Amino acid sequence: MTNHLGDIQNSKCIFIIGANPAVAHPVGMVHILRAKELGAKIIVVDPYFSRTASKADNYARIRPGTDIAFMYGMIRHIIKNDLYDKEYVKNRVYGFEETAKEAEHYTPEVVENITGVPANQLIEITEMMARAKPATLIYNQGLTQHSVGTGNTRQTVILQLLLGNVGKPGGGCNILRGHDNVQGASDMSNLAHSLPGYYGLAEGAWKYFCANWKVDYAWMQSRFKAPEMLHKEGFSVATWRFGVLEEQNAKNNSGTTIHGMMNIGSGLSSISLTDTTKKAMEKLELCVIVDPYFNDMGAIADMKNNLFMLPAASQIETSGTVTATNRATQWRNQVVEPMYECKTDHEILFQLAKKMGYYDELVRSLGDGKGNFKWPEDATREYTRAIRSIGLQGVTPERLKAQSENWHMFDTKTLRGSGPFKGEYYGLPWPCWSEKHPGTPIMYDDSIPVSEGGMGFRTRWTPKTPDGTSLLSEVELKGTKSGVKGHDHITAANVEAITGIALTEEEKEKVKGKSWSTDLSNILVEKAMQAGLCPYGNGKARTVVWEWIDKVPKHREPLHSPRPDLIAQYPTYKDKDNHYRANIKYESRQNEKVWAKEYPMQLLTGRYVEHLGTGTESRSSIYLSELAPEPLLDIHPDKGHDLGLRDGDMVWIYGTTGLRIKVKCKFSTRVAYDTASMPYTYSGYHAGESILGRYPKGLEPYAVGEASNTIISYGFDIVTTTPETKCTLCRIEKA
Ligand SMILES: Nc1nc2c(c(=O)[nH]1)N[C@H]1C(S)=C(S)[C@@H](COP(=O)(O)OP(=O)(O)OC[C@H]3O[C@@H](n4cnc5c(=O)[nH]c(N)nc54)[C@H](O)[C@@H]3O)O[C@H]1N2
Ligand SMILES: Nc1nc2c(c(=O)[nH]1)N[C@H]1C(S)=C(S)[C@@H](COP(=O)(O)OP(=O)(O)OC[C@H]3O[C@@H](n4cnc5c(=O)[nH]c(N)nc54)[C@H](O)[C@@H]3O)O[C@H]1N2
Ligand SMILES: [Mo]
């Protein structure tokens, strides 16, 4: 998220594509409604007429999975009509020509054919968005859960860059993230492809972290089956099942399939192909689930004596930091001690480390290094000290605690503090370059000095393109003393030349061989700020990623497309081997058969306000369960009639997974004739059968229903392996 929720009140136009904040972010929605009261226009692009859409000035019903084409249609109109910000693009953006060339193809008529949105409405929306200054863009899972999810998200940025909206109050790309600590979890790298702080997996990154953790690199290597595995991305939460079930994946995993699995805080049934998860669990020799509730996969999978459920403490029984969607961190206090026999997650992990024989190494960089440390303060110090790549070094437990205890001293619209917090932003949104830095409420804002929260675009990708063009910004950062415009990221080798500041011999010694992201003395960062420069450089944002399969985003039909006639022109990717260690199908699945013939309906899965994720937590609440007792399938009345249904009938939904689920239908014009929609937040039934008898007595959820992921189609994002949940085909019949 480049900006923050309060800042949305500064927008003149709010473009919401693939998000439903009225349901998924009801508190955040307040800021959107305030902006509307102040005169902002709201545009919603969504296949479903959501509660958010009901507040829109212009709502476009788009076919799922066609957002890239839609936004190219916008970009084309913007360029043709000179509605783009020429100065901004010249100074701060690389790749305009390639983007314009690709956009050329997407005439309003082509876009109408692909997306289903009438040509004149595309133009209306584009004019509304492009003429409003500033305009913000909000997206969420409607864009990411696709085989082209990464392309979708890139496309939003490209659109906002052309309009000059990035780095401005009231502008930006605002991704409303999921659980309360999703941002924190990815910063800490609960991810399969990087060390914490997005440092990657190369040898240098491992050595940097080993030094931080005070362990030998050779010891770290010895923990892996083969040394090269250190540098390979792991299985993801979507691909691990294939690592258990498919022998041919062993070659991607040091010659072995997976034999055991420990799951901490994932619902598991939240991932598509629930049946594959079930089969994988059933094949494991050991399965451990750490969860405060009874995880529904424990009932879905037919386990022998090898499933262990460890009762985890909930978040109110522990303390520590959480990082919100806008990169702002908050300190949370423990409310009660862990109850009964449950233990906090970290305590469980500590005990595991002791049994496995690496506890000493695990805690060596905490406190006195001998096991005497204060939790979670010392752990917070450890990670904020190490994660300089996103500027966490200024985020100290002391600053966070003081802020969290004084909420009332901060303005919700600007995040600015008063009194003792004057000059600080709430939550010290990263990057927060030092203990004196205020945090960065709006990213890429080059109109304020770096020391006050300004910055340019990062030059992380290398300052030059393969053809030698410079990727440095053509404008100075505000407050630059040295007269430098764009500049490379700051290293020991270039710091004096770029900042014009001479280092003392002592300083030189301290920063030798380091860059801004590995210099624990923070000297390189301090020198950069002293010269008014940004530690990670001042570059151009690029719309072309020359290392990727799609150098510029491209429309590609979903694997299970309701428009088989478009597949030849817009085919999906080639199958991808060793994708998060699994061999993932793309074109072979798309071409397996004409899916739409057997499965003519599209199925959307979203959320109810009352339930979260798998619903494991919220369906354990009798009150929430009473409000939303069962999943309902929204189906268009005309479609219902044609299928011989009456409102409220039970229906079978047959999925491309070969399974079927039974749900109650609700006639609704929120969906189009060929689309149905249901929440994904239920379980207690599997493929038509109640599994309540498989729950330990007394732990059955109050609200039950089918888990939609049982029938959600195969398909994964080409970069991240996020399941293509938002493009599912199905067939509906009266039950
Ligand atoms: N009450 C509640 N709140 C939640 C959650 C919850 O479970 N319950 N979960 C939290 C989490 S983890 C997350 S990630 C967020 C998710 O928040 P959102 O992403 O806002 O929620 P979704 O309902 O998944 O999807 C948003 C919209 O995308 C639309 N959509 C589907 N496919 C497409 C498409 O191809 N293109 C476009 N343009 N739109 C499409 C859907 O119809 C839906 O209206 O919510 C968070 N908040
Ligand atoms: N079809 C379909 N599928 C989807 C989506 C969709 O829109 N459609 N959305 C996707 C998205 S965006 C997301 S984020 C996922 C969400 O999927 P999950 O994250 O798998 O769903 P949750 O139910 O939030 O699962 C969290 C689990 O953690 C447990 N838990 C809660 N607190 C703690 C704790 O402190 N410690 C431990 N150890 N456990 C804890 C809960 O009891 C629960 O079992 O679902 C994805 N799946
Ligand atoms: Mo999420």
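Ligands are counted one by one from 1 in listed order, and the atoms in each one are counted from 1 as well. If you're wondering where the values come from, they're calculated on a predicted model, not measured in any experiment.
Side-chain contact check for W652 versus I661: every heavy-atom pair is 4.5 Å or farther apart. Under the 4.5 Å side-chain criterion, counting only non-hydrogen atoms from C-beta, P701 is in contact with L692. Side chains of T321 and Y383 form a contact here, defined as non-hydrogen atoms less than 4.5 Å apart. Considering only heavy atoms from C-beta on, F716 stays 4.5 Å or farther from T239 through its side chain. When side chains are defined from C-beta on, L5 counts as touching M1, because their heavy atoms get closer than 4.5 Å. Considering only heavy atoms from C-beta on, K278 comes within 4.5 Å of M297 through its side chain. Residues M71 and L143 have side chains in contact (heavy-atom distance under 4.5 Å, counting atoms from C-beta outward).
In this structure, NZ on K554 lies 13.5 Å from OG1 on T572, to the nearest 0.5 angstrom. Going from atom CG of L310 over to atom CD of E341 covers 10.5 Å, rounded to the nearest 0.5 Å. Separation of atoms NE2 (H25) and CZ (R607) is listed at 8.5 Å; rounding is to 0.5 Å.
Note: F350 and H346 have perpendicular aromatic rings, judged against thresholds of 30 and 60 degrees for the angle between ring planes. Aromatic ring orientation, Y106 versus Y72: parallel (interplanar angle below 30°, classes split at 30° and 60°). A tilted orientation is assigned to the rings of Y714 and F242, their planes being inclined by 30° to 60°. Ring geometry for F15 versus F70: interplanar angle under 30°, hence parallel rather than tilted (30 to 60°).
The single protein non-hydrogen atom nearest to atom 35 (O) of ligand 1 is G65 N, 2.8 Å, given as residue, atom name and distance. Nearest protein neighbour of atom 36 (N) of ligand 1, counting heavy atoms only, is D67 OD1, 2.8 Å. Of the protein's non-hydrogen atoms, the one nearest atom 47 (N) of ligand 2 is S270 O, 2.5 Å. Scanning the protein heavy atoms around atom 11 (C) of ligand 1, the nearest turns out to be G178 CA, 3.2 Å. Looking only at heavy atoms of the protein, atom 41 (C) of ligand 1 is closest to D46 OD1, 3.4 Å. Nearest protein neighbour of atom 28 (O) of ligand 1, counting heavy atoms only, is G142 CA, 3.3 Å. Considering only non-hydrogen protein atoms, atom 7 (O) of ligand 1 sits nearest to G613 N, 2.8 Å. For atom 42 (O) of ligand 2, the closest non-hydrogen atom on the protein side is D291 OD1, 2.6 Å. With respect to atom 20 (O) of ligand 1, the closest heavy atom belonging to the protein is N20 N, 2.7 Å. Taking atom 24 (O) of ligand 2 as the reference point, the nearest protein heavy-atom neighbour is H179 NE2, 2.7 Å. Looking at atom 4 (C) of ligand 1, its nearest protein heavy atom turns out to be A24 O, 3.5 Å.
Looking at I17 next to ligand 1, no N or O pair under 3.5 Å apart turns up. Distances between N or O atoms of T605 and those of ligand 2 include at least one value under 3.5 Å. Some N or O of G267 is nearer than 3.5 Å to an N or O of ligand 2, by distance alone. Ligand 2 has an N or O atom lying under 3.5 Å from an N or O atom of Y680, backbone or side chain. Residue G265 has at least one N or O atom closer than 3.5 Å to an N or O atom of ligand 2. Annotation: V290 places an N or O atom under 3.5 Å from an N or O atom of ligand 2; distance criterion only. Checked by distance only, ligand 1 and H146 come closer than 3.5 Å through their nitrogen or oxygen atoms. Distances between N or O atoms of H611 and those of ligand 1 include at least one value under 3.5 Å.
At least one heavy atom of Y608 sits under 4.0 Å from some atom of ligand 1. Put simply, no part of Q145 is less than 4.0 Å from ligand 1, judged by heavy atoms. Using a 4.0 Å heavy-atom cutoff, P292 is listed among the residues neighbouring ligand 2. Not a single heavy atom of S269 sits under 4.0 Å from any atom of ligand 2.
Heavy-atom contacts of Y48 reach the following atoms of ligand 1: 42 (O) (cutoff under 4.0 Å). Using a 4.0 Å cut-off to heavy atoms of P64, the atoms of ligand 1 that qualify are 34 (C), 35 (O). Ligand-side atoms of ligand 1 in range of Q141: 14 (S), 16 (C), 19 (O), 24 (O), range being under 4.0 angstrom from any heavy atom. Ligand-side atoms of ligand 1 in range of L612: 5 (C), 6 (C), 7 (O), 8 (N), 9 (N), range being under 4.0 angstrom from any heavy atom. Under a 4.0 Å criterion applied to the non-hydrogen atoms of V23, ligand 1 contributes the atoms 1 (N), 3 (N). Every atom of ligand 2 is numbered from 1 in the order shown, and the set under 4.0 Å from a heavy atom of I264 is 38 (N).
With a 4.0 Å cut-off on non-hydrogen atoms, N709 touches ligand 2 through its side chain and not its backbone. Of the heavy atoms in L176, none comes closer than 4.0 Å to ligand 1. Residue contacts with ligand 2, taken as heavy atom pairs separated by less than 4.0 Å, involve S266 via backbone and side-chain atoms alike. Neither the backbone nor the side chain of S272 has any atom closer than 4.0 Å to an atom of ligand 2 (non-hydrogen atoms only). Heavy atoms of T614 found under 4.0 angstrom from ligand 2 belong to the backbone as well as the side chain. Only the backbone of V609 comes within 4.0 Å of ligand 1, counting heavy atoms alone; no side-chain atom from C-beta on gets that close.
The heavy atom nearest to atom 25 (O) of ligand 1, out of those in Q602, R670, K726, H25, is found in K726. The residue from I289, T681, D345 that puts a heavy atom closest to atom 34 (C) of ligand 2 is D345. Among R177, R607, M297, R619, the residue whose heavy atom lies nearest to atom 12 (S) of ligand 2 is R607.
A distance-only check finds no donor-acceptor pair linking the side chain of E112 to the backbone of P118 [under 3.5 Å]. Counting only distance, with no hydrogens or angles, the side chain of T675 and the backbone of V671 share no donor-acceptor pair below 3.5 Å. Panel note: side chain E610, backbone A628; no donor-acceptor pair is recorded below 3.5 Å.
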Exercise. Which is it for H560 and Y599 under the side chain to side chain contact (heavy atoms under 4.5 Å, CB included) test, yes or no, and what are the steps along the way?
Worked result: CA-CA 9 Å; H560 302 85; Y599 303 97; over 6 Å; no

For this session: Determine, stepwise, if the pair D634 / R670 fulfils salt bridge (Lys or Arg N to Asp or Glu O under 4.0 Å).
Result: CA-CA 8 Å; D634 282 14; R670 286 177 181 270; 5.0 Å; no

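Considering S561, P562, P558 in turn, P562 is the only one that fulfils the side chain to side chain contact (heavy atoms under 4.5 Å, CB included) rule with L729.
Remark: R556 is positioned above the aromatic ring of Y573, its terminal NZ or CZ atom under 6.0 angstrom from the ring centre and at most 45 degrees off the axis.
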